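Since we're looking at a predicted model, the values are computed, not measured.
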Amino acid sequence: MAASLLAGCASNQAGHLALKRPGEATVTALGYASEKKESDIFPLFQSFKPVSNSALNGRTIAVSRISDIALRPKEVVLTFDDGPMPGKTPKILKTLDEFGVGATFMMVGEMAHYHPELVREVAEHGHTIGTHTYRHANLKTMSLDAAMAEIRKGQDAVTDALAPIGRHPAPFFRFPYLADTQSLRSRLAGEGVAVIDVDIDTKDYFRDTPETVEGRAMAAVEKRGHGIILMHDIQGRTAAMLPQFLAALQSHGYKVVRLAPADDASAPLVGSAEPAAGDAVAPAATASAQSLAAALPAPAKTTPDVTDARPAAQAADTPLPVKA
């Protein structure tokens with residue numbers, strides 16, 4: 001039975017890891033709805049879409065609903081939840097730059113509030129930013145109104161962090177613990193928000209070595225052949241294993257697909273021959289990244305270690321079924 005359960009995103013670690021700045025007040029309780037938003041409609045959005053000629057870099061998919069993400073064989077989407085996190089998110093950005101690929105960061109509002117400079121750094125590196133509630137709450141246990149207030153508070157925090165550079169988060173959302181309800185999905189769809197589900201869980205929240213996480217992730221990718229991959233940029237082991245994981249994907253012929261808001265199609269797509277004037281440009285894969293991919297042996301066909309204990313911060317949470 002354990003194999004069918006997902007510990008989900010890293011419990012309420014985001015709340016514990018958010019670092020308060022001196023003089024800032026304690027975060028308010030659940031149910032807060034930002035007074036500065038008079039409408040229930042999510043704000044406008046804009047995403048950078050850098051151009052890259054990396055061998056690992058694939059196409060861009062314009063997304064207005066989850067059904068738009070129709071991946072072909074050997075196509076994967078990289079997603080990172082629960083950040084941004086000092087010391088870890090920047091390392092992940094560096095690796096993504098080295099391999100010339102883009103990712104989608106589903107940010108927790110509380111983390112964005114305490115680390116707005118990292119939110120802007122993710123955007124300026126050319127990645128798509130979605131949201132993941134304000135305090136990583138299990139929305140399935142809440143009323144519809146309280147859950148929507150929690151979602152909006154998270155959206156507002158990320159929006160505020162991006163405001164100084166004139167950017168907005170994409171209308172993408174992921175349920176913490178993948179704990180959704182049909183009423184919430186319908187409400188979000190009615191407001192133009194695409195829910196980003198998960199196909200492949202790397203289980204990087206287990207207390208494993210980076211090598212174990214990479215082997216488990218690659219085995220899961222090979223078994224399924226394509227899909228949306230769940231990782232967490234608050235985990236040091238994820239930052240450590242990412243170069244080897246991307247090299248393995250490249251050596252096995254996979255392509256990393258970028259997700260972009262459907263209504264933001266005027267910007268050049270990833271992989272275009274030439275960027276438009278003023279557009280951010282992601283570097284092609286560096287020589288070190290190309291060499292790592294070329295020299296990498298085929299990964300062992302490992303089986304996910306579902307017997308590993310979750311971190312203590314997660315142990316009290318009820319595990320939830322994987323949503324394919």
Side-chain angles (χ1 to χ4, degrees), residues 6 8-9 12 14 30-47 61-71 77 79-83 103-113 119 127-162 167-199 201 227-230 232 258-265 320-324:
L6 172 66
C9 299
N12 199 22
L30 169 67
Y32 169 84
S34 175
E35 295 179 357
K36 68 186 174 194
K37 292 288 187 296
E38 296 180 356
S39 170
D40 284 347
I41 303 302
F42 274 72
L44 298 176
F45 54 85
Q46 187 174 9
S47 297
I61 297 178
V63 179
S64 60
R65 59 185 64 84
I66 187 65
S67 60
D68 292 333
I69 309 176
L71 298 176
V77 174
T79 67
F80 295 90
D81 285 12
D82 294 2
T104 298
F105 288 76
M106 309 303 290
M107 295 187 176
V108 169
E110 189 174 26
M111 298 297 281
H113 172 72
V119 179
H127 303 290
T128 301
I129 296 175
T131 62
H132 196 45
T133 73
Y134 185 79
R135 61 178 186 88
H136 204 277
N138 185 343
L139 302 181
K140 204 168 188 177
T141 67
M142 300 162 61
S143 71
L144 179 60
D145 287 345
M148 289 304 299
E150 170 71 9
I151 291 170
R152 290 199 182 93
K153 187 179 179 184
Q155 176 77 7
D156 288 348
V158 177
T159 299
D160 289 346
L162 289 170
R167 299 286 169 171
H168 301 272
F172 296 165
F173 177 76
R174 176 171 285 156
F175 285 92
Y177 316 103
L178 306 183
D180 64 345
T181 67
Q182 189 55 53
S183 58
L184 279 170
R185 280 183 173 268
S186 296
R187 184 77 169 268
L188 291 169
E191 297 187 3
V193 178
V195 173
I196 307 299
D197 289 320
V198 173
D199 298 314
D201 176 22
I228 301 172
I229 302 173
L230 169 65
H232 299 82
R258 182 186 303 272
L259 304 183
D263 291 345
D264 199 17
L320 298 160
V322 172
K323 298 293 182 66

Gap between atom CG of L162 and atom NE2 of H168 - 0.5 Å precision: 8.5 Å

Min side-chain heavy-atom separation R152-E191 under 4.5 Å: yes

Spacing of F80 atom CZ and T104 atom OG1 [to the nearest 0.5 Å]: 10.0 Å

Value rounded to 0.5 Å, distance of CG in L184 from NZ in K140: 10.5 Å

So which atom in G154 and which in T131 form the shortest heavy-atom distance, rounded to 0.1 Å? O-CG2, 4.3 Å

Can R174 and T79 be counted as having a side-chain donor-acceptor contact under 3.5 angstrom? yes

Applying ring pair (Phe, Tyr, Trp, His ring centres under 6.0 Å) to F173 and not counting sequence neighbours gives F175

Using a 4.5 Å cut-off on heavy atoms from C-beta on, say whether the side chain of M106 contacts that of H232. no

Measure the CG-CG distance between L139 and L178 for me, rounded to the nearest 0.5 Å. 11.5 Å

Just so I know, are the side chains of P169 and T159 near enough to count as touching, which here means a heavy-atom distance under 4.5 Å? yes

Residue pair M111 / M107, side-chain heavy-atom distance below 4.5 Å: no

Under a 4.5 Å cut-off applied to non-hydrogen side-chain atoms, are L188 and D180 in contact? no

Does D68 have any side-chain hydrogen bond (donor to acceptor under 3.5 Å, both in side chains) partners at least two apart in sequence or in another chain, and if so, which? S64

Tell me the closest heavy-atom pair linking A62 and A262, and the distance in Å. CB-CA, 3.8 Å

Test: E110 and K153 ion pair at under 4.0 Å: no

Just do the side-chain contact (heavy atoms from CB on, under 4.5 Å) check on V63 and R258 with the steps written out, would you? CA-CA 10 Å; V63 179; R258 182 186 303 272; over 6 Å; no

Decide yes or no on side-chain contact (heavy atoms from CB on, under 4.5 Å) for V108 and R135, but give the supporting numbers first. CA-CA 6 Å; V108 169; R135 61 178 186 88; 5.7 Å; no

Output yes when a side-chain donor or acceptor of D199 lies under 3.5 Å from a complementary backbone atom of G227, and no otherwise. no

Would a distance-only check, ignoring hydrogens and angles, find a side-chain to backbone donor-acceptor pair under 3.5 Å from H127 to A103? yes

How far apart are the closest heavy atoms of A157 and Y134, and which atoms are they? CB-CE1, 3.9 Å

What distance do D156 atom CG and H113 atom NE2 have between them, rounded to the nearest 0.5 Å? 12.5 Å

If we only count heavy atoms from C-beta on, is the F172 to L259 side-chain gap below 4.5 Å? yes

So how far is it from I61 CD1 to I69 CD1, rounded to the nearest 0.5 Å? 6.5 Å

Between the side chain of T141 and the main-chain N/O of N138, is any donor-acceptor distance below 3.5 Å? yes

